[in-house]
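First up is the structure itself, then whatever we jot down about it.
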Amino acid sequence: MKYLVTAYYWIIFALTLPTCWLVGLVIFLVTRPFDRTQALLHRWICCYGWFYTHVWPGWSQRVEGRELLPRGACIIVANHQSGADIFTVMCIYHPFKFVAKASLFKTPFLGWLMTMVGYVPVVRKSADSMRKMLNDCREWLRLGVPVLIYPEGTYAPVGQRLPFKRGAFRLAIEEQVPIVPVILEGTTDIVEGDGPMMGPRARVCVRVLPPIPASELGTDDAALAERVGSLFLPVRQGPAEVEPGLRKIG
């Protein structure tokens with residue numbers, strides 16, 4: 001069954017992605033003069049995110065707590081276990097910009113869309129790229145646009161989480177914006193890591209937790225990362241990894 005689902009999904013993906021890009025290009029060109037943040041284009045991408053996580057009848061999804069999302073600038077932090085995570089979190093239909101690995105921006109059609117809408121690339125373990133990513137996020141926040149960051153930095157093992165890196169939390173403290181934890185469950189049943197094999201049955205849940213207001217962030221980014229991380233799965237024990245460029249934000 002996995003082979004059938006996998007073939008079905010990737011054929012649908014390959015056939016529909018060029019159309020998604022083409023319509024997205026039209027939206028970009030028409031709205032660019034007056035839609036500085038490309039909110040309408042992002043909305044279109046959210047629709048495709050919903051489509052790709054519902055394209056197989058054995059997959060179901062529910063979103064809880066969407067009404068808790070604040071208006072204006074905030075930092076959304078989500079756990080990260082699967083290539084399906086970003087399409088899944090799109091289903092909250094919130095006008096955020098998300099941080100993604102730079103290699104995705106080189107992918108035909110998908111990467112072109114990501115560049116047009118202003119999502120933020122980062123090269124993992126590169127101090128220069130980390131600083132640029134944080135500054136790009138800072139610019140969006142100052143325009144009142146939410147930013148979504150996966151603070152683990154990469155995929156965690158199934159059923160676990162990696163230690164949260166401090167960059168997102170330092171940024172929230174510096175910019176004095178709320179942090180919104182979002183818990184993703186069941187996405188590894190769609191696909192583990194980057195796949196390519198797809199699972200035949202998945203029950204996915206997106207849970208938006210109450211925001212932590214700017215007044216409650218404190219000044220200690222490590223303590224804040226630990227506080228927010230405690231709302232998610234238990235951390236996988238292992239050697240600590242130094243986050244490049246963290247102390248050179250600005």
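Computed from heavy atoms alone, side chains included, the values below leave out hydrogens, waters and symmetry copies.
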| Which value, rounded to the nearest 0.5 Å, describes the distance between D220 atom CG and L224 atom CG? | 8.5 Å

Without placing hydrogens or testing angles, list every side-chain donor-acceptor pair under 3.5 Å for residues 11-24, not counting sequence neighbours.
residue : atom : partner : partner atom : Å
T16     : OG1  : I12     : O            : 2.8
T16     : OG1  : Y52     : OH           : 2.7

| Inter- and intrachain pairs under salt bridge (Lys or Arg N to Asp or Glu O under 4.0 Å), touching residues 140-151, at least two apart | R142-E175

| field | Heavy-atom pair with the smallest gap, counting every atom of I149 and A168 | value | CD1-CB, 3.8 Å

| query | Is it true that atom CZ of F34 has more than 12 heavy atoms of other residues, nucleotides or ligands lying nearer than 6.0 Å? | reply | yes

| field | V26: hydrophobic cluster co-members (side-chain, 4.5 Å) | value | V30

| task | Give a yes or no on whether F169 and V180 share a hydrophobic cluster (residues Ile, Leu, Val, Met, Phe, Trp, Tyr; joining criterion: side-chain heavy atoms under 4.5 Å apart). | result | no

What side-chain donor-acceptor pairs closer than 3.5 Å can you find for residues 195-217, not counting sequence neighbours?
residue : atom : partner : partner atom : Å
R207    : NE   : E185    : OE2          : 3.4
R207    : NH2  : E185    : OE2          : 2.8

| message | Whether the side chain of T53 engages the backbone of W50 through a donor-acceptor N/O pair (distance < 3.5 Å, no angle test) should be reported. | response | yes

| What residue pairs, at least two apart or across chains, pass salt bridge (Lys or Arg N to Asp or Glu O under 4.0 Å) with a residue in residues 20-43? | none

| Single-linkage hydrophobic cluster, 4.5 Å side-chain cutoff, F164 and V147 together | yes

| What about V145 and F96, same hydrophobic cluster or not, with Ile/Leu/Val/Met/Phe/Trp/Tyr joined at side-chain heavy-atom distances under 4.5 Å? | no

| field | salt bridge (Lys or Arg N to Asp or Glu O under 4.0 Å) involving D136 - partner list, sequence neighbours excluded | value | K132

| task | Would you check if the distance from the ring center of F87 to the ring center of Y48 is below 6.0 Å? | result | no

| remark: E192 meets the salt bridge (Lys or Arg N to Asp or Glu O under 4.0 Å) criterion, sequence neighbours left out, with none

| query | Which atom names give the shortest non-hydrogen contact between P151 and A78, and what distance separates them? | reply | CD-O, 3.4 Å

| Between L143 and F28, is there a shared hydrophobic cluster once you connect ILVMFWY residues whose side-chain heavy atoms come closer than 4.5 Å? | no

| task | Under the side-chain hydrogen bond (donor to acceptor under 3.5 Å, both in side chains) rule, collect the residues that match up with D128, sequence neighbours excluded. | result | R131

| query | Are V89 and I76 in one and the same hydrophobic cluster, where Ile, Leu, Val, Met, Phe, Trp and Tyr link if side-chain heavy atoms are under 4.5 Å apart? | reply | yes

| message | Going by the rule side-chain hydrogen bond (donor to acceptor under 3.5 Å, both in side chains), which residues pair with T187 if we only count those two or more places apart in sequence or in a different chain? | response | D85

| said: I need the minimum non-hydrogen distance between N79 and V182, along with the two atoms involved. | reply: OD1-O, 3.5 Å

| If you look only at pairs with a residue in residues 132-152, which of them pass as a ring pair (Phe, Tyr, Trp, His ring centres under 6.0 Å), with sequence neighbours excluded? | H80-Y150

| note | Distance col, row Y9:OH vs K2:NZ, nearest 0.5 angstrom, shows 15.0 Å

| Which pairs with one or both residues in residues 50-65 pass salt bridge (Lys or Arg N to Asp or Glu O under 4.0 Å), sequence neighbours excluded? | R62-E64

| Where do Y8 and W56 land on the ring-ring contact (aromatic ring centres under 6.0 Å, His included) test, with the steps shown first? | CA-CA 8 Å; Y8 173 83; W56 178 255; 5.3 Å; yes

Side-chain donor-acceptor contacts of residues 98-116 below 3.5 Å, not counting sequence neighbours, with atom names and distances?
residue : atom : partner : partner atom : Å
K101    : NZ   : D194    : OD2          : 3.1
T107    : OG1  : L104    : O            : 3.1
T115    : OG1  : G111    : O            : 3.0

| message | Contact between Q38 and K97 at the side-chain level, heavy atoms closer than 4.5 Å - yes or no? | response | yes

| message | Quick one: does any side-chain atom of R166 pair with a main-chain N or O of D221 as donor and acceptor, under 3.5 Å? | response | no

| Short side-chain to backbone donor-acceptor contact, T188 and V191, under 3.5 Å | no

| field | Under 3.5 Å: donor-acceptor pair, side chain of H42, backbone of H94 | value | yes

| remark: Distance col, row C91:SG vs H54:NE2, nearest 0.5 angstrom, shows 6.0 Å

| Smallest separation among heavy atoms of I173 and T219, with atom names | CD1-C, 3.9 Å

| request: Tell me, with the steps shown, if L184 and Q81 meet side-chain contact (heavy atoms from CB on, under 4.5 Å). | output: CA-CA 9 Å; L184 306 179; Q81 292 188 329; over 6 Å; no

| query | So, for P178 and A73, which heavy atoms are closest and what is the spacing to 0.1 Å? | reply | CD-O, 3.5 Å

| said: If you compare all heavy atoms of Y119 against all heavy atoms of I45, which two are closest, and at what distance to 0.1 Å? | reply: OH-CD1, 3.8 Å

| request: Answer yes or no: is there a donor N or O on one side and an acceptor on the other, between the side chain of S230 and the main chain of R227, under 3.5 Å? | output: yes

